[in-house]
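Structure first, then comments.
Just the heavy atoms: all of them, side chains too, but no hydrogens, waters or symmetry mates, feed the values below. A, B, ... follow the sequence lines: proteins, then strands. Residue 1 opens every chain.
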Protein chains: 2
Amino acid sequence: MYAPSEAARRSGFSLDTLRYYEKIGLLSGVGRTSGGRRVFTDDDLGWLVLFRCLRDTGMPIAQMCRYAALAREGEHTAGERKALLEEHATRVEEQMRLLQHQYDHLREKIRYYEDVTGAG
Amino acid sequence: MYAPSEAARRSGFSLDTLRYYEKIGLLSGVGRTSGGRRVFTDDDLGWLVLFRCLRDTGMPIAQMCRYAALAREGEHTAGERKALLEEHATRVEEQMRLLQHQYDHLREKIRYYEDVTGAG
DNA sequence: GCTTGACCTGGAGTGCGCTCCAGGTTGGAG
DNA sequence: CTCCAACCTGGAGCGCACTCCAGGTCAAGC
């Protein structure tokens, strides 16, 4: 059981983002105290960690919503969810290749400056 | 000497983006035909390739403008430009580490589905 | 000389993912 | 009991990087 600020700290999302994720239905079923304040469970935190992973790897929010909706539908969507993640993983691999490629370019450019400015 | 469409094709930017980059002063001194149409030189293309590299690695446009402005100021800004690229390269390295880390998470998650759905 | 498609300009609009705000409530510390 | 920081809601606003549009121009091919 975590207070909103604690959930934010642990997930790396801002409070506003947590509220936003709930508002758009990405995160659902977040509990409330009698006073109306959010209570995050370990399960919620698990979701947030996954969302962190997917966002950091560039998945659009709409796709995360799709994934979350499938998960809510039950066990029989496991195959579809897996396929979704695999497609994403493939895109991430491409992204990593491109990033590496352009990083090499960048390093080359810097090496050029090293020659021009007389090392340094 | 390249027509706008050819420059777009070679750089991977859209025509609108090329015009936009000129409008905000990122790309400057692009020539014109007597009829007012853009003519891109190999030098312009060189800049576009660099911009492609910097964008693909996540550099904000404002920073690319700064770099381009320094380059326009002359040779004496070479050190500053190099520093700018090096700082960026460091950020890219962090980005690559994070991406790799989250990719590993993603693969783990997929492996979990493999166990659950009975391989496949 | 007419058509057609690539191109021009200035400016408005879009999509994404938050982020901020106003105005009000809650709940633990002193 | 009072204070104050953390929290609530609904909704507006923002920053970025384009992207699209209207209305017009240019030039190669028939």
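In this structure, the CG atom of Leu15(A) is 11 Å from the P atom of dT19(C), given to the nearest Å. Between the CZ atom of Arg32(B) and the P atom of dT25(D) there is a distance of 17 Å, rounded to whole Å. Remark: C1' of dG11(C) and CD1 of Ile24(B) are 16 Å apart, rounded to the nearest angstrom. Rounded to whole Å, atom P of dG17(C) lies 12 Å from atom CG of Leu54(A).
Checking side-chain atoms of Thr77(B) against main-chain N and O of Gly74(B) turns up a donor-acceptor pair under 3.5 Å. A donor-acceptor pair is defined here as one N or O able to donate and one able to accept, closer than 3.5 Å; no such pair exists between the side chain of Arg10(A) and the backbone of Ala8(A). Here the side chain of Arg55(B) pairs no donor or acceptor atom with the backbone of Cys53(B) at under 3.5 angstrom.
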If you restrict it to nitrogen or oxygen atoms, what contacts under 3.5 Å exist between nucleotides 13-17 of chain D and the protein, and what is each distance?
| unit_1 | atom_1 | unit_2 | atom_2 | d |
| --- | --- | --- | --- | --- |
| dA17(D) | OP1 | Ile61(B) | N | 3.3 |
| dA17(D) | OP2 | Ile61(B) | N | 3.4 |

With the criterion being N/O to N/O and under 3.5 Å, what pairs connect the protein with nucleotides 28-30 of chain D, and how long is each?
none

Polar atoms only, N or O, under 3.5 Å: list the protein pairs with nucleotides 20-24 of chain C and their distances.
| unit_1 | atom_1 | unit_2 | atom_2 | d |
| --- | --- | --- | --- | --- |
| dC20(C) | N4 | Asp16(A) | OD1 | 3.2 |

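Applying the ring-ring contact (aromatic ring centres under 6.0 Å, His included) rule to Tyr21(B) yields the partners Phe13(B); only residues at least two apart in sequence or on another chain are considered. Remark: His105(B) engages His101(B) in a ring-ring contact (aromatic ring centres under 6.0 Å, His included) (not counting sequence neighbours). Among residues two or more places apart in sequence or in another chain, the side chain to side chain donor-acceptor pair (under 3.5 Å) test is passed with Arg38(B) by Glu22(B). With sequence neighbours left out, Arg107(A) forms a salt bridge (Lys or Arg N to Asp or Glu O under 4.0 Å) with Glu93(B).
Across residues 36-44 of chain A, Gly36(A), Arg37(A), Arg38(A) each have a non-hydrogen atom less than 4.0 Å from an atom of DNA chain D (numbered order). Against DNA chain D, the stretch residues 2-12 of chain A makes heavy-atom approaches under 4.0 Å through Ala3(A), Pro4(A), Ser5(A).
The side chain of Ser14(A) contributes no N or O atom lying less than 4.0 Å from OP1 or OP2 of dC18(C). Taking 4.0 angstrom as the limit, Thr17(B) places a side-chain polar atom (N or O) nearer than this to OP1 or OP2 of dT19(D).
One distance of note links CG of Leu84(A) with CE of Met64(A); it measures 11.5 Å at 0.5 Å rounding. With rounding to the nearest 0.5 Å, the separation of CG in Leu106(B) from CE in Met59(A) is 7.0 Å. Interatomic distance, Lys82(A) NZ to Tyr112(B) OH, rounded to the nearest 0.5 Å: 13.0 Å. The CD atom of Gln102(A) sits 14.0 Å away from atom CZ of Arg97(A), with the distance rounded to the nearest 0.5 Å.
Residue pairs meeting the salt bridge (charged side-chain N to carboxylate O under 4.0 Å, His left out) criterion with at least one member in residues 61-75 of chain B, sequence neighbours excluded: Arg66(B)-Glu80(B).
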>> Run Arg91(A) and Gln95(A) through side-chain contact (heavy atoms from CB on, under 4.5 Å) and show every step you take.
In response: CA-CA 6 Å; Arg91(A) 278 189 297 271; Gln95(A) 196 187 330; 5.9 Å; no
>> Run Leu98(B) and Thr57(A) through side-chain contact (heavy atoms from CB on, under 4.5 Å) and show every step you take.
In response: CA-CA 9 Å; Leu98(B) 176 62; Thr57(A) 51; over 6 Å; no
> Can you check side-chain contact (heavy atoms from CB on, under 4.5 Å) on Ile61(A) and Tyr20(A), steps first, answer last?
Replying inline: CA-CA 11 Å; Ile61(A) 281 182; Tyr20(A) 167 70; 3.9 Å; yes
Result block: side-chain N/O donor-acceptor pairs under 3.5 angstrom for residues 42-51 of chain B, not counting sequence neighbours:
| unit_1 | atom_1 | unit_2 | atom_2 | d |
| --- | --- | --- | --- | --- |
| Asp42(B) | OD1 | Tyr2(B) | OH | 2.3 |
| Asp44(B) | OD2 | Thr41(B) | N | 2.9 |
| Asp44(B) | OD2 | Thr41(B) | OG1 | 3.2 |

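The overall bend of the helix from dG1(C)-dC30(D) to dG30(C)-dC1(D), read as the angle between its terminal helix axes built from five base pairs each, is 10° when rounded to 10 degrees.
The existence of a salt bridge linking Arg111(A) and Asp115(A) is excluded, since no basic side-chain nitrogen approaches an acidic carboxylate oxygen closer than 4.0 Å. Of the charged side-chain nitrogens involved, at least one lies within less than 4.0 Å of a carboxylate oxygen, so that Glu6(A) and Arg9(A) count as a salt-bridged pair.
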